[in-house]
Amino acid sequence: MTEQTPVNETTAVKATPTLPDAQTVTEIEHYTDRLFRFRCTRPASLRFRSGEFVMIGLMGDPHPETGKRKPLLRAYSIASPSWDEELEFYSIKVQDGPLTSKLQHIQPGDEIILRPKPVGTLVHDALLPGKRIWFFATGTGFAPFASLLREPQTYEDYDEVIITHTCREVGELTYGRDLIESLKTDELLNEVIGEGFWKKIKYYPTTTREESPKMGRITDLMKSGEAFKDLGVEPLNPESDRAMICGNLAFNLELKEMFEEYGLEEGANSKPAHYVVEKAFLD
Ligand SMILES: Cc1cc2nc3c(=O)[nH]c(=O)nc-3n(C[C@H](O)[C@H](O)[C@H](O)COP(=O)(O)OP(=O)(O)OC[C@H]3O[C@@H](n4cnc5c(N)ncnc54)[C@H](O)[C@@H]3O)c2cc1C
Ligand SMILES: NC(=O)c1ccc[n+]([C@@H]2O[C@H](COP(=O)([O-])OP(=O)(O)OC[C@H]3O[C@@H](n4cnc5c(N)ncnc54)[C@H](OP(=O)(O)O)[C@@H]3O)[C@@H](O)[C@H]2O)c1
């Protein structure tokens, strides 16, 4: 008689990965009918810099003639920091989107595909030393900053960390707000980075289509000077300020134009400068 090991859903999934580069979903939280976050296992060999993105996805539907299934992959910022033993992603749900129409239904124990080749420009290496770092996000563009806000280097390199997040509706701010709030009581981060590290953060959430304490696009609030007055800081300047931008294309372009007027130069991994930009999605 051979000894039997009890099989439960999790061990069954781990024992027989059905997808190439499979990782197992461990946790899911839905925020609105358009936004959710999930965590999954991290390949032991995956090294990345906080702020980078990877390709993730699911197997597509079988081809109507051949029956073959191909991976359906999309770029996703890793929302967890580089030291985390799991990976976190913050995702849109596009109801007719090839990937997210399916991805929004994943459950703990399910598998996703993760191509372990992290890349991206929203990394500390692409910026020159400075005093204050700004993170500018719209919508799911908050994801890389969810990583960088939990990255010790952010607080080692800068005296002040300003995060702005512009969304249409109040519910779309929840993920970011909860995450920033959680930093205050995160024992590990307070121990590793230093007690009260989170006091360096100034959080500036705004909405454009639903009533909230601060209404308006961050770009307009900066142009009018209101954002700087609220935050108690001077407009950005190349001596002290560094910035990372992640939003829709129009937002990115508008901020880039404003930054050039402030005298800031765009940086890259190969040539660090004053600010870096990445698209939150293609359009
Ligand atoms: C560098 C990079 C990093 C990205 N990181 C993330 C991330 O961390 N989280 C995330 O949810 N998406 C991210 N995206 C977008 C992602 O790659 C997919 O587009 C998204 O998952 C939708 O996939 P889909 O196949 O369902 O629809 P797609 O066919 O890819 O998109 C359909 C349409 O939905 C809209 N759309 C797509 N993505 C978004 C979004 N994030 N927010 C608002 N509208 C959107 C656009 O109008 C797009 O034309 C990133 C894209 C790039 C280029
Ligand atoms: N969010 C929703 O409730 C919703 C619902 C259904 C479908 N969609 C579709 O989903 C897609 C993405 O929507 P999204 O809301 O995630 O992202 P989005 O359209 O990029 O908007 C996110 C936030 O960025 C602001 N913004 C846009 N352009 C800007 C600029 N140039 N400068 C500064 N701020 C700017 C928007 O303000 P404004 O409001 O002023 O544009 C909004 O507050 C769109 O095609 C949309 O039609 C969205």
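Order of listing sets the numbers, starting from 1, for every ligand and every atom in it.
- For the atom pair OG1 (T164) and CG (D230), the distance works out to 12.0 Å, reported to the nearest 0.5 Å.
- Side chain to side chain, Y158 and Q153 fail the donor-acceptor criterion of an N or O pair below 3.5 Å.
- Near C167, meaning under 4.0 Å from any of its heavy atoms, are these atoms of ligand 2: 42 (C), 43 (O).
- For A143, no nitrogen or oxygen atom sits less than 3.5 Å from a nitrogen or oxygen atom of ligand 1, counting backbone and side chain alike.
- If you look at A79 next to ligand 1, there are no close heavy atoms at all, none under 4.0 Å.
- Residue R74 has at least one N or O atom closer than 3.5 Å to an N or O atom of ligand 1.
- Distances from atom 37 (C) of ligand 1 to the heavy atoms of F89, Y76, F281 put F281 nearest.
- Ligand-side atoms of ligand 1 in range of K279: 1 (C), 2 (C), 3 (C), 52 (C), range being under 4.0 angstrom from any heavy atom.
- Looking at P98, C246, S101, G57 and measuring to atom 29 (O) of ligand 1, the nearest heavy atom belongs to P98.
- The ligand atoms of ligand 2 that sit less than 4.0 angstrom from a heavy atom of R209 are 38 (P), 39 (O), 41 (O).
- For ligand 2, the atoms closer than 4.0 angstrom to any heavy atom of A250 are 31 (N).
- Residue-to-ligand polar distances keep I218 apart from ligand 2: every N/O pair is separated by 3.5 Å or more.
- Annotation: F53 places no N or O atom under 3.5 Å from an N or O atom of ligand 1; distance criterion only.
- Ranking protein heavy atoms by distance to atom 30 (C) of ligand 2, first place goes to R217 NH1, 3.4 Å.
- Of the polar atoms of V94, none of the N or O atoms is found under 3.5 Å from an N or O of ligand 1, judged by distance alone.
- Residue contacts with ligand 1 for D283 involve side-chain atoms from C-beta outward but no N, CA, C or O (heavy atoms, distance under 4.0 Å).
- Residue S82 is tested with R150, R47, E151 for a side-chain hydrogen bond (donor to acceptor under 3.5 Å, both in side chains); the sole match is E151.
- At a distance under 4.0 Å, a protein heavy atom can be found next to atom 8 (N) of ligand 2.
- For T166, heavy-atom contacts with ligand 2 shorter than 4.0 Å involve the backbone as well as the side chain.
- Contacts between A280 and ligand 2, counted as non-hydrogen atom pairs separated by less than 4.0 Å, are absent for every part of the residue.
- For the residues I92, L72, I56, V54, the heavy atom positioned nearest atom 20 (C) of ligand 1 is part of I92.
- Those atoms of ligand 2 with a heavy atom of E169 less than 4.0 angstrom away are 3 (O).
- Note: an N/O pair closer than 3.5 Å links T140 and ligand 1 by distance alone.
- Ligand 1 is never approached by G139 to a heavy-atom distance shorter than 4.0 Å.
- Between the choices L249, N248, L255, the shortest heavy-atom distance to atom 18 (P) of ligand 2 belongs to N248.
- Side-chain contact of S101 with Q95: a donor-acceptor pair under 3.5 Å is absent, judged by distance alone.
- By the 3.5 Å distance cut-off applied to N or O atoms, E278 is not counted among the residues near ligand 1.
- Both the backbone and the side chain of R168 come within 4.0 Å of ligand 2, counting heavy atoms alone.
- Close approach of ligand 2 to T219 is summarised as follows: ligand atoms under 4.0 Å from at least one heavy atom of the residue are 32 (N), 33 (C).
- For NZ of K70, the number of neighbouring non-hydrogen atoms (other residues, nucleotides, ligands) closer than 6.0 Å is 12 at most.
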